[in-house]
Amino acid sequence: MKSVAVIGGGAAGMIAAVFAAKNGNRVILLEKNEKLGKKVYITGKGRCNLTNDCSPEEFLENVVSNAKFLSGPIRSFSPQDTQDFFESLGLKLKTERGDRVYPLSDKASDVTKTLTKELQKRGAEIALNERVLQLIKEDERFCVVTDRRRIGCDSAIVCTGGLSYPSTGSTGDGYAFARGFGHGVTELKPSLTGIETSENFLPVQGLSLKNVSLCAKHGKKTLFRETGEMLFTHFGISGPLALGVSALINRIPPEEVTLILDLKPGLDEEKLKKRIERDFAEAKGKTVSNGMLKLMPARLIRVVLSRAGIRGDKRIADLTKNEVQNLVFAMKSYEIGVKRLRPIEEAVITSGGVNVKEIDPRTMESKRVKGLFFAGEVLDLDAFTGGFNLQIAFTTGYIAGNNA
Ligand SMILES: Cc1cc2nc3c(=O)[nH]c(=O)nc-3n(C[C@H](O)[C@H](O)[C@H](O)COP(=O)(O)OP(=O)(O)OC[C@H]3O[C@@H](n4cnc5c(N)ncnc54)[C@H](O)[C@@H]3O)c2cc1C
């Protein structure tokens, strides 16, 4: 019987330990927190969007870094396999908007409970409150040095996560283990995070816009253009659209990025102009601010008028044709400068990590050190929101566990 040490009891570590134990190995899962899956617990706003009900091809379209590396693995353990796996263990699932899959109970904790039960059934040892300090290879075996003891094992799977939300235990320890074995770690950047903007959006702080379009440009190249939800915050912008943009601009100097917000994506410029003229005709004796109330929330009117260079108390009757044109432009092409992304600690995911060129995608084993495996966010893999990041953890964890 071979012995396997799995370091980190998050999504990747739990599934890796399940499959390593299922294959008849003696498995120990080491977690420094008092419980498993502390990050899983907060995923999907406590509901855990554990995967996306999509094909491997669609999955790969949603991977931002190193999709090519995942093209084989995602076929070995696909989003469908993830759903079948959890349902076979008795966890009922449901699919919501955007093909996002959640536990039917809406409880993220049920995902961890299901995996914990399976770990116990398979006889894996779960060691909580035990932090791995060092991972060493001695001859053909590994020595896992924890804050309590030294554990010998034949293989080790590093599943320590990234750097985001460090309070959940993801403090980047695995990068040090990888470097210790000569592995490269690509630059670590925040992804799926809010964007600090040059303009101060304090007047509209807390305002969420449901149907706007955000475009991100690097020079002439369009990196992102999507319609959806965006939120103004004390630092700039957040919400699904901003998070999506952050994944694509985190390696570009911020001053080279331009964001263009379209507040009325359903109307082209001509149609919007006609709509404004109609609203203004109905509110002839009023101020411009009042004449726009059917178009957008009052707080936002102030911001848009300021961008168009029009005073809110100006009478509609006194508006020039040029000013109406400026108003249309401010609504359709509101340019926003980027200062920086919010720090990695606040990001949903870490972009960058253990260089996947040095990992065999068929096994998740290091090409440098036999018996050393990596899975989950510690690897240089990241994706958009929608359940794709947990799917990365499950796919890589499954493969590592099966091969360790
Ligand atoms: C707020 C938030 C919401 C999210 N929502 C979703 C979502 O709905 N859907 C989705 O797909 N993704 C979501 N994600 C991303 C998802 O949580 C991660 O992709 C996933 O948790 C990565 O799994 P992992 O096992 O690689 O790492 P982690 O979940 O970070 O687990 C790593 C574990 O290793 C332990 N550890 C670290 N170092 C040591 C050490 N030295 N010794 C012992 N143990 C150690 C940590 O304590 C931790 O438990 C969300 C992330 C955040 C922050």
Side-chain angles (χ1 to χ4, degrees), residues 5-17 28-52 59 62-63 79 82 96 98 100-103 106 108 111-112 115 126-135 144-148 151 156-178 190-194 240 243 247 342 344-351 353-354 364 374-398 400-401:
V6 181
I7 307 173
M14 287 189 279
I15 203 160
I28 181 164
L29 174 59
L30 295 143
E31 168 54 55
K32 67 178 171 183
N33 288 326
E34 70 290 357
K35 59 178 180 191
L36 298 176
K38 227 174 171 176
K39 186 171 274 178
V40 170
Y41 192 70
I42 58 163
T43 56
K45 299 200 169 101
R47 299 200 301 132
C48 187
N49 172 203
L50 70 156
T51 186
N52 192 283
F59 167 86
N62 282 282
V63 175
T82 299
E96 294 189 0
R100 292 166 187 242
V101 178
Y102 296 87
D106 280 330
V111 173
T112 304
L115 289 168
I126 300 171
L128 299 175
N129 294 308
E130 186 157 358
R131 180 177 187 163
V132 175
L133 304 174
Q134 236 186 324
L135 181 61
V144 182
V145 183
T146 77
D147 49 6
R148 284 202 223 148
I151 303 162
I157 313 179
V158 178
C159 305
T160 44
L163 280 177
S164 78
Y165 280 64
S167 58
T168 63
S170 327
T171 48
D173 299 11
Y175 304 128
F177 304 152
S191 185
L192 306 181
T193 191
L243 262 54
R342 292 298 283 172
I344 205 158
E345 291 78 10
E346 285 178 29
V348 168
I349 199 101
T350 303
S351 158
V354 174
M364 298 299 147
F374 293 90
E377 201 176 324
V378 70
L379 289 164
D380 180 7
L381 300 169
D382 65 274
F384 290 118
T385 57
F388 305 105
N389 286 298
L390 278 170
Q391 181 60 50
I392 291 177
F394 293 137
T395 290
T396 54
Y398 164 85

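No hydrogens, no waters, no symmetry mates; every other heavy atom, side chains included, goes into these values. For ligands, and for the atoms within them, numbers begin at 1 and follow the listed sequence.
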Relative to the heavy atoms of [X], which atoms of ligand 1 are at a distance of less than 4.0 Å?
X	answer
E377	18 (C), 19 (O), 20 (C), 22 (C), 26 (O)
F388	11 (O)
S170	30 (O)
G376	26 (O)
N389	11 (O), 12 (N), 19 (O)
I42	1 (C), 3 (C)
D173	38 (N), 39 (C), 40 (C), 41 (N)
L30	43 (C), 44 (N)

Hey, is E130 touching ligand 1 through its side chain, its backbone, both or neither, going by heavy atoms under 4.0 Å?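 Contact part for E130 vs ligand 1: backbone (N, CA, C, O).
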Answer side chain, backbone, both or neither: which part of T168 comes under 4.0 Å from ligand 1, heavy atoms only.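 Backbone only; the side chain of T168 stays clear of ligand 1.
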Quick one: look up the protein heavy atom nearest [atom] and list residue, atom name and how far away it is.
atom	result
atom 25 (O) of ligand 1	A12 N, 2.9 Å
atom 11 (O) of ligand 1	L390 N, 2.7 Å
atom 47 (O) of ligand 1	E31 OE2, 2.7 Å
atom 53 (C) of ligand 1	Y165 CD1, 3.3 Å
atom 3 (C) of ligand 1	T43 CA, 3.6 Å
atom 8 (O) of ligand 1	G44 N, 2.9 Å
atom 42 (N) of ligand 1	V132 N, 2.9 Å
atom 39 (C) of ligand 1	T160 CG2, 3.8 Å

When you compare the side chain of [Y] with that of [X], does any pair of heavy atoms fall below 4.5 Å?
X	Y	value
L381	V63	no
N33	L128	no
N52	P79	no
T82	Q391	yes
L36	L115	no
L50	F394	yes

Say whether, by atom type as modelled, one donor and one acceptor occur between the side chain of [X] and the main chain of [Y] under 3.5 angstrom.
X	Y	answer
D106	R47	no
T160	D173	no
N49	R100	no
E96	Y102	no
K39	G10	no

Can you name the nearest heavy-atom pair linking L243 to V348, along with the distance?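 Shortest heavy-atom separation between L243 and V348 comes out as CD2-CG2, 4.4 Å.
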Between A11 and A393, which heavy-atom pair has the shortest distance, and what is it?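 Residues A11 and A393, closest heavy atoms: CB-CB, 3.9 Å.
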[options]: member with heavy atom nearest to [atom]:
atom	options	value
atom 44 (N) of ligand 1	K32, M14, K35, K38	K32
atom 15 (C) of ligand 1	V348, V40, D382	V348
atom 19 (O) of ligand 1	L133, L128, I349	I349
atom 29 (O) of ligand 1	K39, R47, R131, K45	K39

Geometric N/O contact [X] with ligand 1, under 3.5 angstrom:
X	value
T171	no
A11	yes
Q391	no

Calculate, to the nearest 0.5 Å, the distance between atoms CD and CD1 belonging to E31 and I7 respectively.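 Separation between the atoms: 11.5 Å.
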Between I157, L379, V158, which is the residue that forms a side chain to side chain contact (heavy atoms under 4.5 Å, CB included) with M364?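 Of the listed residues I157, L379, V158, the side chain to side chain contact (heavy atoms under 4.5 Å, CB included) partner of M364 is L379.
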